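In what follows, every heavy atom counts, from backbone to side chain, and hydrogens, waters and symmetry copies are set aside. Atoms within each ligand, like the ligands themselves, are counted from 1 in listed order. Just so it is clear, the structure is predicted and the values come from calculations on it, not from any experiment.
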Amino acid sequence: MAKIGNIDVGEFPLLLAPMEDVSDPPFRALCKEQGADVVYTEFISSEGLIRDAAKSVMKLDIYEKERPVGIQIFGANLDSMLKSVEIVEASGPNIIDINFGCPVKKVVSKGAGAGILKDIDLMVSLTKAMVEHTKLPVTVKTRLGWDHDSIKIVEVAERLQDVGCKAIAIHGRTRAQMYKGDADWKPIAEVKNNPRMHIPVFGNGDVNTPERAVEMRDKYGLDGAMIGRASIGYPWFFKEVKHYIKTGTHCAPPTMQERVEAARRHLQMSIDWKGEKLGVFETRRHYTNYFRGIPHFKEYRMKMVTSDDSKDVFAAFDEVLEKFGDFEFSH
Ligand SMILES: Cc1cc2nc3c(=O)[nH]c(=O)nc-3n(C[C@H](O)[C@H](O)[C@H](O)COP(=O)(O)O)c2cc1C
């Protein structure tokens with residue numbers, strides 16, 4: 001059984017990775033329904049939060065049904081991080097997660113995200129201060145290191161644990177790799193194999209089939225899998241992994257009815273949560289995967305991703321169900 005602080009997250013939990021403009025409340029709810037054990041918000045700027053920037057504050061919203069949920073924040077300034085811990089706490093998450101892994105330039109150049117991998121002492125002291133500032137469990141998501149020559153993740157993870165971090169999720173790439181090449185899970189296994197480590201060590205990066213998740217558990221001995229891209233437009237991935245873990249067989253992929261129903265609910269929840277315009281716009285990125293594998297689908301996908309009016313998108317869903325209702329999906 002893995003535990004994040006006092007939160008029991010089950011045996012080999014599946015965690016929905018924090019993903020900007022993806023891991024919002026509607027999508028997190030869909031993933032939760034399909035078996036995600038822990039979900040995370042996208043990263044939220046501590047500087048934005050303390051300035052009450054509306055966009056950052058909105059990202060703090062959580063639905064009761066998605067718990068346990070972690071709110072992820074990023075920043076490199078101690079004061080701002082501590083103030084934002086208080087703001088985050090007020091919105092009642094179960095976990096506060098620190099992003100020490102984002103590789104994008106605008107974040108890294110300020111020393112935040114993966115930028116902090118160049119200053120491990122600061123990474124540790126920020127974590128310590130945040131742990132001391134809240135009663136909620138603080139977790140960390142990070143990468144293997146800044147670049148290939150500076151991988152010290154075993155030592156880093158142990159130091160984070162020693163200052164009270166309650167779980168660590170490690171993406172098996174360095175900052176220098178961005179998203180290139182394959183994720184390397186060996187160094188993550190080394191973190192787990194450190195006899196001093198007792199907090200859960202979650203693996204992340206390229207878990208894109210149920211077999212890969214099982215490999216992460218059995219071959220690399222990790223405590224859970226954090227899943228990102230494989231779930232975009234495919235919240236059933238969590239269910240499929242769980243089924244495979246339990247039975248060693250693949251469950252049938254979702255039917256067209258289930259896909260259309262999920263897409264409809266996704267869009268409706270998004271509109272309810274962030275309004276018609278943003279709701280229509282930000283749900284678009286999921287449709288390719290919701291309907292992947294259907295031949296000659298372009299015409300319908302275009303209808304879904306070009307209209308600004310939700311009525312047109314809902315009508316496109318109806319049309320798809322009518323035309324392809326009997327389509328048999330394969331994995
Ligand atoms: C669209 C997108 C947005 C992301 N945003 C975040 C984020 O806000 N915070 C974070 O820690 N990682 C973020 N990531 C990284 C993912 O959490 C994850 O580490 C990475 O995608 C590797 O896992 P995967 O192979 O399962 O996708 C993002 C990744 C993607 C694809």
Side-chain angles (χ1 to χ4, degrees), residues 13-25 27-28 31 36 38-49 55-56 58-60 69-76 84 88 93 95-108 112-117 123 127 138-145 153 160 165 167-175 177-185 187-188 201-213 215-216 220 222 224-235 237-238 240-241 281-289:
L14 305 179
L15 303 90
L16 171 66
M19 287 185 282
E20 186 176 20
D21 294 338
V22 175
S23 310
D24 55 12
F27 185 59
R28 298 196 304 261
C31 291
V38 185
V39 298
Y40 289 88
T41 67
E42 66 179 279
F43 70 165
I44 308 176
S45 159
S46 54
E47 301 298 336
L49 278 180
K55 216 173 155 209
S56 299
M58 188 177 170
K59 292 175 186 169
L60 295 172
V69 55
I71 290 184
Q72 189 190 63
I73 54 176
F74 72 97
S84 61
V88 166
I95 297 162
I96 296 182
D97 186 68
I98 320 175
N99 177 317
F100 288 144
C102 176
V104 308
K105 225 181 198 155
K106 70 169 193 242
V107 172
V108 166
I116 206 146
L117 288 165
M123 183 181 186
T127 306
V138 172
T139 60
V140 162
K141 176 166 180 280
T142 188
R143 289 186 172 232
L144 298 179
I153 191 66
L160 292 172
C165 170
I168 183 164
I170 304 169
H171 177 183
R173 289 185 175 86
T174 61
R175 190 274 168 175
Q177 279 177 291
M178 305 294 282
Y179 285 90
K180 291 193 293 285
D182 295 329
D184 183 2
W185 298 347
I188 314 177
V201 178
F202 301 127
N204 172 241
D206 302 347
V207 179
N208 45 26
T209 60
E211 286 85 346
R212 289 284 277 160
E215 191 184 350
M216 189 170 255
Y220 293 86
L222 302 183
M226 180 178 268
I227 292 159
R229 289 166 293 180
S231 69
I232 298 178
Y234 203 76
F237 189 67
F238 294 97
E240 290 180 357
V241 172
F281 182 73
E282 288 191 356
T283 315
R284 284 179 185 165
R285 71 173 65 220
H286 293 270
Y287 299 142
T288 301
N289 283 347

Inset, instruction - Among P18, C102, S45, find the residue that satisfies the side chain to side chain contact (heavy atoms under 4.5 Å, CB included) test when tested with F74. - result: S45
Inset, instruction - Determine the sole option in I95, L14, V69, L16 for which the side chain to side chain contact (heavy atoms under 4.5 Å, CB included) test with V38 is passed. - result: I95
Inset, instruction - State whether the number of non-hydrogen atoms from other residues, nucleotides or ligands found under 6.0 Å of Y220 atom OH is greater than 12. - result: yes
If you look at each N/O of ligand 1, which protein N/O atoms lie under 3.5 Å away, and at what distance?
from     : atom 1 : to   : atom 2 : distance (Å)
ligand 1 : 5 (N)  : E20  : N      : 2.8
ligand 1 : 8 (O)  : F43  : N      : 3.0
ligand 1 : 9 (N)  : Q72  : OE1    : 2.8
ligand 1 : 9 (N)  : N99  : ND2    : 3.2
ligand 1 : 11 (O) : Q72  : OE1    : 3.3
ligand 1 : 11 (O) : Q72  : NE2    : 2.9
ligand 1 : 11 (O) : N99  : ND2    : 3.1
ligand 1 : 11 (O) : K141 : NZ     : 3.0
ligand 1 : 12 (N) : P18  : O      : 3.3
ligand 1 : 12 (N) : K141 : NZ     : 3.0
ligand 1 : 14 (N) : P18  : O      : 3.4
ligand 1 : 14 (N) : Y179 : OH     : 3.4
ligand 1 : 17 (O) : P18  : O      : 2.8
ligand 1 : 17 (O) : K141 : NZ     : 3.1
ligand 1 : 19 (O) : K141 : NZ     : 2.9
ligand 1 : 19 (O) : N204 : OD1    : 2.6
ligand 1 : 23 (O) : N204 : ND2    : 3.0
ligand 1 : 25 (O) : D206 : N      : 2.7
ligand 1 : 25 (O) : R229 : NE     : 3.4
ligand 1 : 25 (O) : R229 : NH2    : 2.7
ligand 1 : 26 (O) : G228 : N      : 2.8
ligand 1 : 27 (O) : R229 : N      : 2.8
ligand 1 : 27 (O) : R229 : NE     : 2.8

Legend entry - SB check D206 R229 (cutoff 4.0 Å): yes
Legend entry - Test item: V201 and I188 side chains (from C-beta on) under 4.5 Å apart, heavy atoms: yes
Legend entry - Ring-face cation of R212 near F237 (centre distance under 6.0 Å, axis angle within 45°): no
